A.B. asks: 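Provided herewith is a single structure, encoded as structure tokens, for subsequent inquiry.
Since we're looking at a predicted model, the values are computed, not measured.
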Amino acid sequence: MTTTASSHHLSPAFPGRAPWGTANKLRAWQEGALGRYLEQQPRDFLAVATPGAGKTTFALTLASWLLHHHVVQQVTVVAPTEHLKKQWAEAAARIGIKLDPDYSAGPVSKEYDGVAITYAGVGVRPMLHRNRCEQRKTLVILDEIHHAGDSKSWGEACLEAFEPATRRLALTGTPFRSDTNPIPFVAYEEGNDGIRRSAADYTYGYGNALGDGVVRPVIFLSYSGNMRWRTKAGDEIAAKLGEPMTKDAVSQAWRTALDPRGDWMPNVLRAADQRLTEVRKGIPDAGGLVIATDQDSARAYAKLIREITGSKATVVLSDDTGASKRIDEFSESEERWMVAVRMVSEGVDVPRLAVGVYATTISTPLFFAQAVGRFVRSRRRGETASVFLPTIPGLLGFASEMEVERDHVLDKPKKNGEEDPYAESEKEMAEAEKQRDEEDAATGEQDMLPFEALESDAVFDRVLYDGAEFGMQAHPGSEEERDYLGIPGLLEPDQVQLLLQKRQARQIAHSRKKPDAEADLLELPAERRPVVSHKELLELRKQLNTMVGAYVHQSGKPHGVIHTELRRVCGGPPSAEATAGQIRERIAKVQEWATRMR
């Protein structure tokens, strides 16, 4: 894979508010990618560029060159959604390429240079598009190419339809999938570990784009809180978001938080709206987007937003003509909020979106990256993006890895039982759950006793930025929460880091002045409160026990004495009840003792 940062003789933020093919001058990375393509003249080319960097401008500039030099005679753009194929047609028209976004069958009118279609459309009639490729020299632009791996039929249809194409240009902002379905026309290279990964011809990652001012820095604001729910077996369970739990419990606590009838969602929406107000002081037309799991939740969130703000939210429920129109109208307006189910997560271009609420239980790295990609497009230097999250270990992991470039992995790493002690038990649990679900379906128990969210509250938990964590817990509406919501909307990336450090230092100083008896929340900075999964906590306990066992042989003291001494020095409950931060502190302390004895 070739990775590059842009050269600096071009204005990196150019063309400002012209992300959809209207630029008369290329950004440095676009120029670099175009230069590499023209030098190599490959049949297949995979360009990976972070969302918001301008993949469309690059692709259409290349299409224009290939048409002008008669390398191809027509262009076919394949997009994930109906809305996006229309956006492609509009963008192409602005630089003189006419694409028919309504094409369904038969000859293409002579006034058009090609067509814009969806992957689903290719899946329905692959031979129609194959015949078009065979009749005339064709450039196929495969937008967000990973969608061709969404189903076996789509992948096979794309291979069948576009195998005869003269040139194929694959584009993606997220070149990885959560499964191992191969992506058509993408090259895979085997690494030293024997695992095949996608190989891009040109990569422009988020880290490079952030340095060039092409994308915004993202501030993640995470909220915890107490959740209570009733399982389908009728048991009532209470837990706090961010505490180590089994996968099932995490999923149920998460669903409880997102229930619009609890207190978590109204408090987080209120905080997000306060953040939007602050951002609009520097970006007057800044908008907010709530990404919901389903239509009922989306409507309920829109109702909450109206109650909180006094203004109506734009609701986008499905990928139809009306939805596209509503997105376009919101994009051109100065309205505050839009609520959508999934479809705005990828490719849809609303450059003024600057504040987001991740109110969905979808937990794949692909979807998360696409969702965050809706907020990162920079129109001028200094703009920041803010995304509100529940304190869920997986999501916080994705947030901390924003700048990590990924490839699509075609093979799953093989783990033997020793390397992955949970593999066999997880398999057994999955089989047991499957059997129980089948029994429930047969008896109707699942319908009689569904999962039920009972109550929730919200607590400001931490801020994540550039892989680091800041802040102590605070109640909604408190001065401490307002400190973080009030970060200016216009800041350079290094200024964001400095300001967050100052906010945390102020919060710690304020906490120290109060008597311990007044603390009703855990008053520790975020880096001392690591959010870990149930499995990671078990691993930490295992590591502590291993370290103590080694120190037993070195010191001659019994296990119990060493554990008691660690508790006395480091504080906290027995290791079975200790938090991840407390266990890590004890591991460090026993390592220190062992080093001194050498």
Side-chain angles (χ1 to χ4, degrees), residues 12-13 16-17 19 50-53 206 209-223 268-291 305 308-309 311 313-314 330-339 344 349-358 371-389 399 402-403 460 462-466 468-471 474 476-504 506-507:
R17 269 204 84 169
T50 191
Y206 175 79
L210 185 61
D212 288 344
V214 170
V215 294
R216 298 167 177 155
V218 184
I219 303 164
F220 293 96
L221 298 102
S222 167
Y223 278 72
V268 171
L269 288 173
R270 193 173 290 109
D273 190 65
Q274 288 173 20
R275 178 73 192 132
L276 182 60
T277 296
E278 184 61 45
V279 170
R280 283 170 81 108
K281 290 176 183 176
I283 312 171
D285 67 339
L289 168 66
V290 181
I291 299 174
I305 287 169
I308 291 164
T309 68
S311 302
T314 296
F330 180 82
S331 183
E332 295 303 316
S333 75
E334 292 192 0
E335 290 178 18
R336 291 176 74 89
W337 284 99
M338 174 160 63
V339 184
V344 186
D349 180 50
V350 185
R352 69 187 190 88
L353 286 177
V355 176
V357 179
Y358 195 87
V372 174
R374 297 316 96 219
F375 307 97
V376 301
R377 186 187 299 284
S378 181
R379 297 176 297 173
R380 60 182 171 125
R381 283 204 79 99
E383 292 183 345
T384 61
S386 304
V387 177
F388 288 72
L389 304 170
M402 267 291 290
E403 296 186 29
F460 169 80
R462 68 192 65 216
V463 174
L464 292 89
Y465 175 72
D466 194 20
E469 300 182 20
F470 306 88
S478 66
E479 184 183 337
E480 287 82 5
E481 183 199 41
R482 286 196 298 272
D483 243 6
Y484 291 98
L485 298 179
I487 293 168
L490 286 175
L491 285 173
E492 290 294 319
D494 57 340
Q495 293 175 319
V496 176
Q497 184 99 10
L498 191 62
L499 200 57
L500 287 170
Q501 288 168 345
K502 285 182 178 177
R503 291 284 198 272
Q504 177 168 283
R506 190 159 74 193
Q507 206 179 1

A.B. asks: Return the set of residues passing salt bridge (Lys or Arg N to Asp or Glu O under 4.0 Å) with Arg280 (not counting sequence neighbours), or none when no residue passes.
C.D. replies: none
A.B. asks: Evaluate the side-chain proximity of Tyr484 to Leu500: yes if any heavy-atom separation is below 4.5 Å, no if none is.
C.D. replies: yes
A.B. asks: Do Arg336 side-chain atoms and Asp273 backbone N/O form a donor-acceptor pair below 3.5 Å?
C.D. replies: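 Looks like yes, one N/O pair under 3.5 Å.
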A.B. asks: State, to 0.1 Å, how close Phe330 and Gly287 come at their nearest heavy-atom pair, and which atoms those are.
C.D. replies: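 Closest heavy-atom pair between Phe330 and Gly287: CZ-CA, 4.5 Å.
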A.B. asks: Can you check whether Gln501's main-chain N or O pairs, donor with acceptor, with Gln504's side chain at less than 3.5 Å?
C.D. replies: no
A.B. asks: Okay, side chain of Arg216, backbone of Arg377: is any donor-acceptor separation there less than 3.5 Å?
C.D. replies: yes
A.B. asks: For Arg270, enumerate each residue passing the salt bridge (Lys or Arg N to Asp or Glu O under 4.0 Å) test, keeping only those at least two apart in sequence or located in another chain.
C.D. replies: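 Listed in chain order: nothing, the list is empty.
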A.B. asks: Check the pair Arg275 / Glu278 against salt bridge (Lys or Arg N to Asp or Glu O under 4.0 Å), numbers first and verdict last.
C.D. replies: CA-CA 5 Å; Arg275 178 73 192 132; Glu278 184 61 45; 5.8 Å; no
A.B. asks: Please tell me if the side chains of Ser311 and Glu335 come closer than 4.5 Å, counting only heavy atoms from C-beta onward.
C.D. replies: no
A.B. asks: Is a side-chain N or O of Thr50 found less than 3.5 angstrom from the main chain of Ala53, in a donor-acceptor match?
C.D. replies: no
A.B. asks: Would a 4.5 Å heavy-atom cut-off, applied to side chains only, mark Ser378 and Pro351 as touching?
C.D. replies: no
A.B. asks: Quick one, Asp285 with Arg379, criterion salt bridge (Lys or Arg N to Asp or Glu O under 4.0 Å). Give me CA distance, side-chain angles, the key distance, then yes/no.
C.D. replies: CA-CA 12 Å; Asp285 67 339; Arg379 297 176 297 173; 2.9 Å; yes
A.B. asks: Contact between Trp337 and Val290 at the side-chain level, heavy atoms closer than 4.5 Å - yes or no?
C.D. replies: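 Result yes, sub-4.5 Å side-chain heavy-atom pair found.
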A.B. asks: Is it the case that the side chain of Arg352 and the backbone of Ser333 share a donor-acceptor pair, with hydrogens and angles ignored and the cut-off at 3.5 Å?
C.D. replies: yes
A.B. asks: Can you see which heavy atom on Pro488 is nearest to which on Leu499, and at what distance?
C.D. replies: CD-CD2, 3.5 Å
A.B. asks: Is the shortest side-chain heavy-atom distance between Thr384 and Pro217 below 4.5 Å?
C.D. replies: yes
A.B. asks: Is there a donor-acceptor pair closer than 3.5 Å between any side-chain N or O of Tyr465 and the backbone N or O of Pro493?
C.D. replies: yes
A.B. asks: I want to check something: taking the side chain as every heavy atom from C-beta on, are Val218 and Phe375 in contact at a cut-off of under 4.5 Å?
C.D. replies: no
A.B. asks: Please find the pair of heavy atoms, one from Gly489 and one from Ile283, that lie closest to each other, and give the distance.
C.D. replies: O-CD1, 4.1 Å
A.B. asks: Of Val357, Val463, Val355, which meets side chain to side chain contact (heavy atoms under 4.5 Å, CB included) against Leu221?
C.D. replies: Val463
A.B. asks: Give, for atom CD of Gln497 and atom CD1 of Ile219, the distance between the pair rounded to the nearest 0.5 Å.
C.D. replies: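 Result: 10.5 Å between the selected atoms.
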A.B. asks: Looking only at non-hydrogen atoms, find the nearest pair between Val279 and Ala286 and report the distance.
C.D. replies: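 So the minimum-distance heavy-atom pair works out to CG1-CB, 3.8 Å.
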A.B. asks: What orientation do Phe460 and Tyr223 show, parallel under 30°, tilted 30 to 60°, or perpendicular over 60°?
C.D. replies: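 Judged by the thresholds at 30° and 60°, the geometry between Phe460 and Tyr223 is perpendicular.
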A.B. asks: How far apart are the closest heavy atoms of Ile487 and Leu491, and which atoms are they?
C.D. replies: CG2-CD1, 3.5 Å
A.B. asks: To the closest 0.5 Å, what do you measure between CG (Leu269) and CG (Leu276)?
C.D. replies: 11.5 Å
A.B. asks: Looking at CG of Leu485 and OG of Ser386, how far apart are the two atoms once the value is rounded to the nearest 0.5 Å?
C.D. replies: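 Rounded to the nearest 0.5 Å, the CG-OG separation comes out at 9.0 Å.
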A.B. asks: Check this for me: does any side-chain nitrogen of one of Arg482 and Glu479 sit under 4.0 Å from a carboxylate oxygen of the other?
C.D. replies: no
A.B. asks: Could you tell me the separation between the CD atom of Gln495 and the CG atom of Leu490, rounded to the nearest 0.5 Å?
C.D. replies: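 Output value for this atom pair is 10.0 Å.
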A.B. asks: Check salt bridge (Lys or Arg N to Asp or Glu O under 4.0 Å) between Arg462 and all other residues, then give those that pass, not counting sequence neighbours.
C.D. replies: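 Counting only residues at least two positions away or on another chain, Arg462 forms a salt bridge (Lys or Arg N to Asp or Glu O under 4.0 Å) with Glu469.
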A.B. asks: So, taking the atom named CG in Leu498 and the one named CZ in Arg503, what distance separates them when rounded to the nearest 0.5 Å?
C.D. replies: 10.5 Å
A.B. asks: To check you understand the geometry: which heavy-atom pair defines the closest contact between Ala474 and Gln507, and what is its length?
C.D. replies: CB-NE2, 4.3 Å
